[in-house]
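Each chain gets a letter, A, B and so on, in the order its sequence line appears, and its residues count up from 1. No experiment lies behind these values; they were computed from the predicted model shown.
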There are 2 protein chains.
Amino acid sequence: MGDDTRLNPRHNKAEVFARLRDAHAREVTEDYVEMIGDLIAEEGEARSVALAERFGVTAATVNNTIKRLERDGYVTSRPYRSIFLTEKGETLAKKCRERHQIVYNYLVSIGVEPEVAEFDAEGIEHHVSEETLRVFELRLLS
Amino acid sequence: MGDDTRLNPRHNKAEVFARLRDAHAREVTEDYVEMIGDLIAEEGEARSVALAERFGVTAATVNNTIKRLERDGYVTSRPYRSIFLTEKGETLAKKCRERHQIVYNYLVSIGVEPEVAEFDAEGIEHHVSEETLRVFELRLLS
DNA sequence: TTTTAAAGTTAGTCAAGGCTAAATTGCTAT
DNA sequence: ATAGCAATTTAGCCTTGACTAACTTTAAAA
């Protein structure tokens, strides 16, 4: 007795917050692979300086993050050269781009100003489950 | 010439990401004041052990966070005693609770499973602008 | 009243994600 | 060919948010 958790399942939030912390850890990775993909598509290559400018951080910060991404197998890079996505990075970038687009389109479709939708989508996209994403898609089509 | 940013305003994402980083910094604070408010409402007081259990972190982590919240004026606490919200903390907690409820209700209203909505709302609530929140409310009423 | 378990605190460690300052490399124009 | 600037890297620092292990305080049971 006295196990509040079992008596009142409403309090079993620990798992939710654990998954939330995981999502957090992935956010920067996702933003980077997405942006690297955009840069390659738009400008032919992804340079540190462009990433720094677009994220509004210093070159040193970009460097650290790229090292981590490389360590985790999302990108390859050689000193003083531009950055490339691995298969793994490409796959993640594609998924993120799609997710972002669905969230953005959905927000606009319900009446959110495009500029606001762009900002909100950037934050929301990392926290939308596959299930909710499907609902967004479904409602977008109808 | 050559100022990509001015030529192509689509690339002016730095501000978006800066605001995103700010939102991040506030997330834990918001989750804590919200949870502390819940605990006081449900159990009469907010103890570290309950926070640790609900967030799924150790007591030491709770301790650190509470110190920061106290430093920032959201809570008061005395050693080995329970935690109280300040006016500032209470105000933030109320705002967060409302926001959470709107996001949750909206997700459920468009067909997301309650359990999934609960999880997604927890992540999304910190990234929804006032504007988008108003759209959610409006669509909830109609 | 004393013992003991639960709760809370402290100290020390780690990774992520920021920063500045300084060193190095690469490229381009003279 | 090289000087100089832009880009990149390195080093060192900070905060947040997590952990474990060890210690202290509180409160309840024996």
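If B:A59 and B:N64 are placed on DNA chain C by their nearest nucleotide, the residue sitting closer to the 5' end is B:A59. Between A:P79 and B:T65, the one whose closest nucleotide on DNA chain D sits nearer the 5' end is A:P79.
Distance from the side chain of A:V57 is smallest to C:dG18 among D:dA27, D:dA18, C:dG18. Nearest nucleotide to the B:T61 side chain, out of C:dG26, D:dT10, D:dC19: D:dC19. Here the nucleotide nearest the side chain of B:R21, chosen from D:dT8, C:dT20, C:dG18, is C:dG18.
Look at CD on A:E43: it is 12 Å from P on D:dA7, rounded to the nearest Å. In this structure, A:F17 atom CZ and D:dT16 atom P are separated by 20 Å, rounded to whole Å. If you measure from atom CZ of A:R78 to atom C1' of C:dG26, you get 13 Å, rounded to the nearest angstrom. The CG-C1' distance, from B:L51 to D:dA18, rounds to 16 Å in whole Å. Look at CD on A:E45: it is 13 Å from C1' on C:dC27, rounded to the nearest Å. If you take NZ of A:K67 and P of C:dG18, they are 15 Å apart, rounded to a whole angstrom. Computed from coordinates, the A:D72 CG to C:dA16 C1' distance equals 11 Å when rounded to whole Å. Distance, B:R47 CZ to D:dT25 P: 16 Å, rounded to whole Å.
Taking the side chain as every heavy atom from C-beta outward, B:M35 and B:L51 approach each other to under 4.5 Å.
Look at A:R71 and you'll find a side-chain N or O under 4.0 angstrom from OP1 or OP2 of C:dA16. Between A:N63 and the phosphate of D:dT8, there is no side-chain N or O to OP1/OP2 separation shorter than 4.0 Å. Between A:S48 and D:dA7, a side-chain N or O to OP1/OP2 separation shorter than 4.0 Å is absent.
Between B:H127 and A:H126, the distance separating the two ring centers is not shorter than 6.0 angstrom. Aromatic ring centres of A:Y32 and A:Y74: separated by at least 6.0 Å.
Side chain A:Y80 to base C:dT24: a donor-acceptor pair is found below 3.5 Å.
Looking at heavy-atom distances under 4.0 Å, B:R26 makes no contact with the nucleic acid at all. Using a 4.0 Å heavy-atom criterion, one finds that B:V28 contacts the sugar-phosphate atoms exclusively.
Rounding to the nearest 0.5 Å gives a distance of 6.5 Å between CZ of B:R54 and CG of B:D38.
Here B:R99 pairs with B:E30 in a salt bridge; the nearest charged N to carboxylate O distance falls below 4.0 Å.
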